[in-house]
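Any value given below was found using the heavy atoms of this structure, including those in side chains, with hydrogens, waters and symmetry copies removed. So that the names make sense, note that chain A is the first sequence line, chain B the second, and so on, each numbered from 1.
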2 protein chains.
Amino acid sequence: MLVSYTEENYLKAIFALSRLYNDQEVSTNQISEHLKNKAASVTDMLKRLADKKLIDYKPYKGVKLTDKGKKTAVKVIRKHRLWEVFLVEKLNFKWDEVHDIAEQLEHIDSDKLIEKLDDFLGKPKADPHGDPIPDASGKFGVQKSVALSDASKRSALIVTGVSDHSTEFLQFLSNSGISLGNQLKIEEYNDYDRSITVKINNKRSLFLSHKAASNILVEIK
Amino acid sequence: MLVSYTEENYLKAIFALSRLYNDQEVSTNQISEHLKNKAASVTDMLKRLADKKLIDYKPYKGVKLTDKGKKTAVKVIRKHRLWEVFLVEKLNFKWDEVHDIAEQLEHIDSDKLIEKLDDFLGKPKADPHGDPIPDASGKFGVQKSVALSDASKRSALIVTGVSDHSTEFLQFLSNSGISLGNQLKIEEYNDYDRSITVKINNKRSLFLSHKAASNILVEIK
DNA sequence: GCCCTATTTTAGTCTAACCTAAAAATTTGT
DNA sequence: ACAAATTTTTAGGTTAGACTAAAATAGGGC
Ligand SMILES: [Mn+2]
Ligand SMILES: [Mn+2]
Ligand SMILES: [Mn+2]
Ligand SMILES: [Mn+2]
């Protein structure tokens with residue numbers, strides 16, 4: 001039984017939303033907003049996905065992915081992130097340019113291709129935005145990173161990812177000279193607006209708003 | 001104006017067929033057989049392609065690609081062949097495994113991606129089957145190869161391509177120890193069934209039927 | 001318990017891309 | 001030249017996936 005391009009996008013959306021809301025049922029409206037489709041169209045699709053046993057759907061009660069649906073969604077995410085690594089590492093794209101292309105590439109259907117691509121890239125554990133890449137069996141490595149805005153002062157931090165994937169934010173980081181792997185130290189914490197000052201790689205100092213800091217993920221070194 | 005996945009496949013088919021029949025108008029039935037769609041469906045699509053100015057269509061008289069249609073078709077072919085090179089050269093696929101995956105990859109829409117892929121692969125001039133790769137402006141290099149069955153005896157020949165792209169034929173060649181770049185010499189020519197015997201790289205001798213020899217393309221060294 | 005509002009589903013349309021069956025146009029054979 | 005065979009188009013349907021408008025349901029406040 002084959003899953004269409006469109007169905008894959010719905011499964012991915014449901015997976016992301018159920019993560020976001022700690023594995024609760026996902027509502028029609030949440031999916032509708034996420035995919036920018038009308039709620040009536042979503043209901044339509046939910047019926048089709050339920051027929052295919054990819055989701056559990058109780059009218060008015062929201063949906064949950066079945067194991068089969070989860071497996072499909074995770075595979076699409078795996079493909080998306082592997083292709084992003086390829087685009088950045090091999091083709092020299094910038095990290096803010098790859099998402100839209102990966103949105104297309106993630107639907108290419110060939111198990112052999114995924115595994116050969118994974119080998120070619122050296123079985124990467126994370127994509128260019130620090131998001132973990134599930135392995136062939138669908139398991140994600142554990143991510144123990146926290147938002148920079150929640151990190152403690154003075155300890156050495158490593159930038160491991162971002163939680164805002166927009167071109168604007170990624171370009172802002174690049175322009176500010178922050179990239180994955182950089183070492184950060186929080187130098188000042190302003191109670192008034194929760195803005196901070198950080199030192200990058202023990203060199204330059206940089207001022208960051210709370211909004212920016214909340215979207216940078218770090219691990220304690 | 002965007003060209004759909006399906007429309008791209010029609011343009012590619014029309015391009016291939018008009019090559020095959022020396023730039024004559026392509027008929028509805030030819031397209032129908034090539035794409036394994038019914039003739040009525042083809043007529044439907046021809047109207048849509050004509051509306052988009054991608055083909056010139058006169059009912060009952062066959063179709064020709066416009067410049068715009070030709071440009072689109074050639075770009076799809078360029079992408080198909082570049083991806084095939086990627087799959088064989090970088091991911092170690094065999095030459096008989098790549099066509100179906102390239103059929104999907106050829107529809108990925110990003111000019112920047114094509115050009116970066118082309119650079120990454122070293123701007124290859126031919127795909128793994130010896131088919132020429134048009135450059136970014138759409139120009140094909142000239143192919144001066146002939147069928148092995150038409151080549152003259154005793155001269156040193158180089159295998160440059162195949163004209164049958166089926167898995168069966170490609171695997172037959174691999175099993176026989178013939179690949180692109182090999183040197184061949186015709187040792188014997190049997191008038192009875194037009195079969196030949198060739199020497200590969202001045203070492204092994206191999207018997208080939210006329211059918212096989214007619215699908216191997218060679219250049220005189 | 002009932003009303004109000006927000007959410008969700010149903011009903012009815014639309015388009016792209018396919019199909020079958022029938023009609024029309026073209027080509028072929030004599 | 002004209003009938004027969006072939007090719008192509010038209011007419012009418014289907015399905016996936018979108019939409020709008022209207023109806024149904026659920027949940028919160030009193
Ligand atoms: Mn992405
Ligand atoms: Mn990413
Ligand atoms: Mn191919
Ligand atoms: Mn090829």
Whole angstrom value for the distance that separates C1' of C:dA17 from CG of B:Leu46: 13 Å
Note, B:Glu7 side chain near B:Lys52 side chain (heavy atom, < 4.5 Å): yes
Touch class at under 4.0 angstrom, heavy-atom based, for A:Tyr5 against every strand present: nothing
N or O in side chain of A:Asn37 less than 4.0 angstrom from D:dG17 OP1/OP2: no
Cationic N near anionic O, under 4.0 Å, B:Glu97 to A:Lys116: no
Any protein N or O atoms within reach of nucleotides 24-29 of chain C? Criterion: under 3.5 Å, listing atom names and distances.
unit_1 : atom_1 : unit_2  : atom_2 : d
C:dA25 : O4'    : B:Tyr60 : OH     : 3.3

Test item: A:Asn190 side-chain N/O and A:Tyr192 main-chain N/O as donor-acceptor pair under 3.5 Å: no
Side-chain N or O of B:Ser4 closer than 4.0 Å to phosphate OP1/OP2 of C:dA16: no
Ring centroid separation A:His129 to A:His99 under 6.0 Å: no
Within 45° cone and under 6.0 Å: A:Lys90 NZ/CZ vs A:Phe120 ring: yes
Under 3.5 Å: donor-acceptor pair, side chain of A:Lys58, backbone of A:Val63: no
Nearest-neighbour nucleotide for the A:Lys38 side chain, C:dA17, D:dT20, D:dA18 considered: D:dT20
Distance, rounded to the nearest Å, where A:Asp51 contributes CG and D:dG17 contributes P: 12 Å
Nearest-angstrom distance from the residue atom CD of B:Gln30 to C1' of D:dT6: 14 Å
Any B:Ser27 side-chain nitrogen or oxygen under 4.0 Å from OP1 or OP2 of D:dT8: yes
Sort me out a list of protein N/O and nucleotides 10-15 of chain C N/O pairs below 3.5 Å, or just none if empty.
unit_1 : atom_1 : unit_2  : atom_2 : d
C:dT10 : OP2    : A:Lys47 : NZ     : 2.8

Atom pair distance, as rounded to whole Å: CG in A:Leu49 and C1' in D:dA18: 15 Å
Aromatic contact, A:Phe86 with B:Phe86 (centres under 6.0 Å): yes
Value in whole Å for how far the P atom of C:dC19 lies from CG of B:Leu35: 10 Å
Nearest heavy-atom neighbours spanning A:Ser149 and A:Ser214: OG-CA, 3.2 Å
B:Thr28 side chain near D:dT9 phosphate (N/O to OP1/OP2, under 4.0 Å): yes
Rounded distance (Å) that lies between atom P of D:dT9 and atom CE of B:Met45: 14 Å
Selection from D:dA18, D:dG17, C:dT9 that lies nearest to any side-chain heavy atom of A:Arg48: D:dG17
Atom pair distance, as rounded to whole Å: CD in A:Glu25 and P in D:dG27: 12 Å
B:Lys75, NZ: over 12 other non-hydrogen atoms inside 6.0 angstrom: no
Distance test, side-chain N/O of B:Asn29 to OP1/OP2 of D:dT6, below 4.0 Å: no
Below 3.5 Å, can you tabulate the donor-acceptor pairs from side chains in residues 130-143 of chain B to any protein atom, sequence neighbours excluded?
unit_1   : atom_1 : unit_2   : atom_2 : d
B:Asp131 : OD2    : B:His165 : NE2    : 2.6
B:Asp135 : OD1    : B:Ser137 : N      : 2.8
B:Asp135 : OD1    : B:Ser137 : OG     : 2.7
B:Asp135 : OD1    : B:Gly138 : N      : 3.0
B:Asp135 : OD1    : B:Lys139 : N      : 3.0
B:Gln143 : NE2    : B:Gly130 : O      : 3.2

Separation of D:dT6 P from B:Glu33 CD (nearest whole Å): 14 Å
